[in-house]
Amino acid sequence: MTTAASPSLQRARALLVEHPVVDGHNDLPWALREQVRYDLDALDIAHDQHERLHTDLARLRAGGVGAQFWSVYVPGELTGDDAVSATLEQIDAVRMLAARYPEDLQLAFTAEDVEAAHAQRRIASLMGAEGGHSINNSLATLRALYQLGVRYLTLTHNNSLDWADSATDEPRAGGLSRFGEEVVAEMNRLGMLVDLSHVAAETMRDALRVAEAPVIFSHSSARAVCDHPRNIPDDVLAQLPANGGVAMATFVPKFILPEAVAWMRSADENMRAHGLHHLDLGEEGRRVQQAFETANPRPVPDARTVADHLDHMREVAGIDHIGIGGDYDGTPFTPAQLEDVSGYPHLVAELLDRNWSEADLSKLTWSNAVRVLREAEEAALTLQTRRGPSIATIDELDG
């Protein structure tokens, strides 16, 4: 395990200056909604917020973060127009953050924007919508989200949709329905990345079968290392080189450490017994979780656990097809050494100790994610010469 004075940690920090982390998923916008209803004076990330958040500006800088996909997530319990409105409010929150902290955050919509932000030593701020319920079965709404700056859509969150199955719910579509395939096609035409985190394995396979551009997994690890349905099976990882996509390993303990799976199930049940959602990160939710952890010490992964996943993902998919997606402020528990967004150097140091080269680490942290964004843009330019916006409806395609 690395220490503050270890040469590997010093090398990791130096590497991240030139090749910072492009992180695939951070739920700060939803945390701001839940805790202070977007009152950025009440929860100012220019100040130390370690008691309330995993994320603030100083810790992003300390962690070597150069680009962040901010999740504009809304829960699956919000449906229809309510889901769309809440997603718009989340987008507005990201824009407010970038406007409030212009010396640190810079909105980015293209690979070129990401590189320009890095050149100016700002953190490129991108947006990803988490869950296809955010488009309310409307391809026009999908296009509107793209126009507002959303650059990936996670096809499902925890609940299956009429057109796409989730990893953590009963199947409804058998993978992707015909309309689900049309959603993927329209995303490819727009240049919006198809995110396959959260979806069922059959949905992953269907999306890879029809995709005309690289896909991503914004925050998923290896199922062969930890057998959780939120992780990626090896046969899917093995398809990424042909597709060009990137799988971004997550840090969520219950997805990466087998011993944590049963413990987290009990913790979730305890939250529900207190009348709370299991992902409630508000003051009451944190109090209940902390009390449960005090009475029932949890199995704690660390940077080595995440490195085990990355070693495996690299072996199966190849160095050009892996990245990082921490899921900070979207999980109540985090690994040791990776407690918040300042922790990425510990992971890079662990990989250096495992003889990963600096060239390979620069792909993991930076260039793979920038490449996949650029290739999605290039694919869209080609596809737009072949077809216009789709006006198909779910009723027409799925009956």
Side-chain angles (χ1 to χ4, degrees), residues 2 4 6-26 55 57-70 104-106 108-126 128 151-152 193 214 216-219 221 240-241 244-251 303 306-307 309-311 313-314 317-328 337-338 340-377:
T2 56
S6 77
S8 295
L9 193 56
Q10 294 174 28
R11 284 179 63 201
R13 291 189 170 120
L15 182 145
L16 289 170
V17 171
E18 297 305 317
H19 308 286
V21 171
V22 181
D23 182 274
H25 194 90
N26 182 303
T55 308
L57 295 176
R59 285 182 289 168
L60 285 167
R61 296 293 195 182
V65 178
Q68 180 66 66
F69 276 97
W70 302 109
D104 294 287
L105 305 179
Q106 183 169 312
F109 309 107
T110 65
E112 184 176 349
D113 290 345
V114 172
E115 291 175 333
H118 175 44
Q120 296 171 25
R121 299 302 183 198
R122 294 187 174 96
I123 299 164
S125 292
L126 303 109
R151 286 301 176 264
Y152 74 63
L193 291 165
I216 64 166
F217 292 82
S218 66
H219 57 309
S221 292
L240 288 181
V246 171
M248 307 175 92
T250 193
F251 302 166
V306 179
H309 282 266
L310 285 168
D311 277 341
M313 294 162 76
R314 174 183 177 170
I319 188 60
D320 296 315
H321 303 285
I322 55 176
I324 297 171
D327 202 11
Y328 286 115
Q337 303 176 289
L338 302 171
D340 55 45
V341 296
S342 68
Y344 301 98
H346 289 283
L347 177 59
V348 173
E350 174 64 28
L351 295 170
L352 284 167
D353 287 342
R354 297 183 184 208
N355 296 317
W356 284 47
S357 71
E358 293 192 7
D360 285 352
L361 286 165
S362 72
K363 292 182 177 183
L364 172 76
T365 60
W366 179 259
S367 61
N368 287 346
V370 176
R371 172 190 59 77
V372 82
L373 187 60
R374 179 176 288 109
E375 289 182 359
E377 296 164 13

With a 4.5 Å limit on heavy-atom distance, are the side chains of [X] and [Y] in contact?
X	Y	answer
Ser367	His19	no
Leu57	Leu105	yes
Arg61	Ile123	yes
His25	Tyr152	yes
Glu358	Leu352	yes

Can you see which heavy atom on [X] is nearest to which on [Y], and at what distance?
X	Y	result
His118	Val17	CE1-O, 3.5 Å
Pro345	Gly63	CD-O, 3.6 Å
Ala67	Trp366	CB-CZ3, 4.3 Å
Ala349	Ala12	N-CB, 3.7 Å
Ala124	Ala108	CB-CB, 3.9 Å
Ile319	Asn368	O-ND2, 2.8 Å

Notebook entry, point to check: Any side-chain donor paired with an acceptor under 3.5 Å for Tyr328 and Asp23?
Noted result: no
Next item on the list: Might you work through the side chain to side chain contact (heavy atoms under 4.5 Å, CB included) test for Gln68 and Val21, ending with a clear yes or no?
Entry: CA-CA 8 Å; Gln68 180 66 66; Val21 171; over 6 Å; no
Checklist line | Electrostatic pair Asp320-Arg371, nearest N-O below 4.0 angstrom | finding: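 So Asp320 does not pair with Arg371 through a salt bridge.
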Check: Would you call Glu18-Arg121 a salt bridge at under 4.0 Å N-O?
Finding: yes
Spacing of [atom1] belonging to [X] relative to [atom2] belonging to [Y], to within rounding of 0.5 Å:
X	Y	atom1	atom2	result
Leu310	Asp360	CG	CG	12.0 Å
Leu364	Met248	CG	CE	9.0 Å
Asn26	Thr55	CG	OG1	4.0 Å
Arg354	Ser8	CZ	OG	12.0 Å
Glu377	Glu375	CD	CD	10.5 Å
Ile324	Ser221	CD1	OG	10.5 Å

Note to self: Checking Leu373 against Leu126 for the side chain to side chain contact (heavy atoms under 4.5 Å, CB included) test, could you report, in this order, the C-alpha distance in whole Å, the side-chain angles of both residues, the deciding distance, and whether it holds?
What the structure shows: CA-CA 11 Å; Leu373 187 60; Leu126 303 109; 3.9 Å; yes
Margin query: According to ring pair (Phe, Tyr, Trp, His ring centres under 6.0 Å), who are the partners of Phe217, at least two apart in sequence or on a separate chain?
Written below: none
Next item on the list: Please name all residues satisfying side chain to side chain contact (heavy atoms under 4.5 Å, CB included) with Ala376, sequence neighbours left out, ordered by chain then number.
Entry: Leu193
Ignoring hydrogens and angles, tell me if any N or O in the side chain of [X] forms a donor-acceptor pair with the backbone of [Y] under 3.5 Å.
X	Y	answer
Asp353	Glu350	no
Arg151	Phe109	yes
His219	Gly326	no

Next item on the list: Would you please test Trp356 and Asp311 for side chain to side chain contact (heavy atoms under 4.5 Å, CB included) and show each step?
Entry: CA-CA 9 Å; Trp356 284 47; Asp311 277 341; 2.9 Å; yes
Next item on the list: In sequence, state the C-alpha distance, the side-chain angles, and the governing distance for His346 and Leu9, and then conclude on side chain to side chain contact (heavy atoms under 4.5 Å, CB included).
Entry: CA-CA 6 Å; His346 289 283; Leu9 193 56; 3.8 Å; yes
